[in-house]
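Counting starts at 1 for both ligands and their atoms, following the listed order.
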Amino acid sequence: MKMNLPRMWRNFLLAALLPAVTTLVPATVARADDAPKAPVETKEQHDARMGWWREARFGMFIHWGVYSVPAGEWNGKTDYAEWFLEQTHMPVSQYEQYAKQFNPVKFNAKEWVAIAKDAGMKYIVITSKHHDGFDMYPSELTDWCIKSTPFGRDPLKELAEACKEAGIRFCTYHSIMDWHHPDWGTRRAWNDKATGTPDMDRFDAYLKGQLKEVVTHYHPGVMWFDGEWETPWTPERGADLYAYLRNLDPALIINNRIGKARAGMEGMDTGAGAVGDFGTPEQTIPANGFGPGVDWESCMTLNNHWGYNKHDQNWKSPTTVIRNTIDIASKGGNYLLNVGPTAEGLIPDGSVQCLKAVGAWMKVNGTAICGTTAGPFKKALAWGRVTAQPGKLYLHVFEWPQDGKLAVAIGNKVSKAYLLAAPDTALDCTSGESGAVLRLPGTAPDPIASVAVLEIDGAPQVIATAAVTQAADGTMQLAAQTADLVGSGIKLQGEPRKNVGFWLNASDYVQWPVQVTKAGKFTVTLECACQADSAGSEYTVTVGDQTLAGKVESTDGWDKYSTVGIGSVSIAQPGMVMVVVKATKKPGLAVMNLRALTLKPE
Ligand code: FHN
């Protein structure tokens with residue numbers, strides 16, 4: 001596994017790797033007995049509070065601040081954005097001058113909201129404060145805010161009002177880490193405006209005071225925290241702040257970055273200190289969903305920067321955005337897609353054009369995204385993805401079958417089938433023991449993804465389909481890309497051949513359903529790789545009712561593979577057999593990278 005994350009994130013990831021327990025409903029964090037508690041809610045009350053957010057499925061992230069003034073460039077370098085102050089080490093007194101240049105006279109909140117709404121987005125999360133500590137609203141608690149600009153208006157107020165008028169939920173992003181405030185515990189050497197010794201209790205009071213301003217003045221639906229990773233922020237402070245906010249506004253939804261249990265960019269909680277209502281994978285989509293009741297949202301940039309960078313024209317294509325939206329919804333998650341407006345108050349045209357194309361697709365197919373739940377299949381299908389509503393399956397077809405037949409491994413009777421693009425034209429769909437076969441017209445209505453609807457009786461009945469079948473000589477080759485990856489971090493990686501990677505949690509595992517047609521005795525081998533400092537993991541391979549044990553030796557690199565034998569198993573008779581690889585011990589960072597498992601007849 002290549003840890004090609006920036007140093008900051010690698011250290012964060014290493015520090016964050018705790019025994020894997022994924023909980024997203026506020027875990028109890030050891031705190032003083034008299035500490036305020038969040039309102040106790042039943043499952044029904046929690047589901048009601050999360051309801052609009054789960055229905056929404058798709059939102060706009062907005063990173064906007066004084067860092068938009070330099071527009072990504074300084075001193076001949078052009079790769080900056082919202083981390084400008086941290087990456088340039090510019091004296092804070094000098095950075096503050098950008099506020100005097102921040103005058104977004106072209107800002108039109110209704111236009112921004114229309115761009116989001118026309119794209120099919122149901123909520124907007126805008127930075128009330130990013131890591132530079134600058135408030136995008138007129139705070140009573142500091143002059144380091146929009147009051148210190150020539151703009152003279154309140155962009156959060158205007159956006160909140162425009163959202164309300166358009167029926168879009170207004171939400172805010174608020175950084176815990178604050179490079180500007182003298183009391184933030186990790187003082188920067190280039191903060192020449194800060195005096196005295198940092199006092200985190202004083203900072204806590206300031207943070208709560210500002211959050212009270214944001215909550216009571218703008219009534220955000222979600223408070224999206226970030227910047228929790230530095231040591232001055234503790235699980236106790238996170239739990240305390242969660243309780244404070246939920247008492248301030250019992251309807252407020254809060255992400256898991258208020259706590260300290262997030263496993264880096266994978267975004268889901270692992271272990272103690274978990275607080276918050278949903279997980280936050282960043283720039284990534286989990287391999288699979290996490291089952292009902294585990295809420296999560298993948299956030300991504302549209303280009304390569306969160307804040308505005310005038311040189312970055314590397315926009316995601318509409319195909320990428322639409323298929324990401326589908327993939328995420330099929331796994332039961334939300335997609336929060338970012339725009340970084342200019343210092344003039346304009347959303348970059350590259351973002352606008354992409355979102356227009358996404359909106360055209362959502363106009364026809366949005367009912368297959370918003371208001372749906374994860375599809376019934378545990379892993380991605382070869383031809384596309386599936387989302388669901390009671391009594392309906394939405395088949396998002398990426399690869400249109402040349403013979404016009406689409407096999408769907410469900411046992412339900414299909415009472416009606418049609419394309420969302422042509423709802424009045426009934427499609428023929430037969431049901432059989434291996435599932436339904438839908439007959440599609442010769443041409444896909446949409447080259448990116450066409451949606452077919454199956455109306456079914458009762459809950460979806462998935463027919464276990466073999467990921468692998470036996471070759472003529474009896475060999476069973478179980479490749480990574482046909483595996484079920486179960487867990488919160490484990491996922492496919494690598495080109496051109498895929499491997500199972502990011503096996504950071506010992507509780508994550510890999511399995512294949514295999515259709516055995518020829519019984520017998522088989523030698524079991526694994527093609528795997530492991531960096532020396534992570535060697536020593538122990539694992540089991542279970543084939544049906546037999547289990548073999550193995551130990552991961554070093555291959556001197558996450559991309560240096562070798563094939564190891566771990567023994568033999570007997571399969572007494574043909575039928576479906578589950579092959580499962582589980583870690584039993586993980587002394588290092590990751591268990592192994594796994595390309596394939598092979599069962600060869602003896
Ligand atoms: O450091 C921030 C970054 O600037 C941006 O806000 C993203 C968006 O989620 N979060 C942090 C990096 O993970």
Side-chain angles (χ1 to χ4, degrees), residues 3-16 58-72 79-89 95 123-136 171-181 184 186 188 220 222-233 238 253-269 276-286 296-309 312 316 324 328 333-341 351 489:
M3 290 291 283
N4 52 3
L5 296 170
R7 176 185 46 76
M8 170 199 77
W9 280 109
R10 178 180 167 77
N11 295 339
F12 174 85
L13 186 64
L14 288 167
F58 192 27
M60 177 183 275
F61 216 169
I62 302 176
H63 279 69
W64 198 31
V66 296
Y67 44 76
S68 310
V69 173
D79 195 28
Y80 299 114
E82 77 288 353
W83 272 65
F84 183 92
L85 177 58
E86 184 81 350
Q87 291 166 338
T88 61
H89 292 188
Y95 181 76
Y123 60 108
I124 289 175
V125 181
I126 186 169
T127 46
S128 48
K129 183 189 85 162
H130 203 263
H131 308 330
D132 62 359
F134 184 83
D135 295 306
M136 289 296 283
C171 308
T172 45
Y173 162 116
H174 204 83
S175 176
I176 293 167
M177 176 172 65
D178 188 320
W179 298 325
H180 184 277
H181 198 281
W184 173 250
T186 318
R188 267 61 183 176
V222 171
M223 188 59 79
W224 210 100
F225 284 103
D226 202 12
E228 84 285 9
W229 52 84
E230 292 197 337
T231 48
W233 193 250
I253 296 172
I254 301 167
N255 73 346
N256 69 340
R257 299 191 187 191
I258 190 171
K260 289 285 286 195
R262 169 170 66 108
M265 306 293 256
E266 298 307 311
M268 302 305 282
D269 287 331
D277 302 313
F278 63 90
T280 51
E282 179 171 325
Q283 305 285 35
T284 182
I285 299 172
W296 57 278
E297 171 196 76
S298 277
C299 61
M300 285 190 198
T301 51
L302 250 173
N303 52 8
N304 295 327
H305 293 84
W306 297 99
Y308 179 57
N309 179 302
D312 184 352
K316 287 179 173 65
N324 282 351
I328 290 167
N334 282 18
Y335 192 22
L336 187 63
L337 189 58
N338 183 72
V339 296
S351 305

### H131 N/O to ligand 1 N/O under 3.5 Å
yes
### Task
Consider every N or O of W229 and every N or O of ligand 1, then say whether any pair is closer than 3.5 Å.
no
#### Entry: Distance filter under 4.0 Å to C299 heavy atoms, resulting ligand 1 atoms
9 (O)
### Task
Taking only heavy atoms of H130 into account, list the atoms of ligand 1 that are under 4.0 Å away from them.
3 (C), 4 (O), 5 (C), 6 (O)
### Query
Can we call the ring centroids of W179 and Y95 under 6.0 Å apart?
no
### Query
Name the one of W229, W306, F225 that satisfies ring pair (Phe, Tyr, Trp, His ring centres under 6.0 Å) with H131?
W229
### Message
Whether E297 and R257 form a salt bridge (side-chain N of Lys/Arg under 4.0 Å from carboxylate O of Asp/Glu) is what I want to check.
### Response
no
### Message
Would H130 and D226 count as a side-chain hydrogen bond (donor to acceptor under 3.5 Å, both in side chains) here? Give the steps.
### Response
CA-CA 8 Å; H130 203 263; D226 202 12; 4.8 Å; no
#### Entry: W224, any N or O under 3.5 Å of ligand 1 N or O
no
### Query
At a 4.0 Å threshold, what atoms of ligand 1 neighbour a non-hydrogen atom of R257?
9 (O), 10 (N), 13 (O)
### Message
So for ligand 1, is Y173 a polar contact partner (N or O within less than 3.5 Å, distance only)?
### Response
yes
### Query
Is any side-chain heavy atom of L302 less than 4.5 Å from a side-chain heavy atom of L337?
yes
### Message
Less than 6.0 angstrom separating the ring centers of H63 and W224, yes or no?
### Response
no
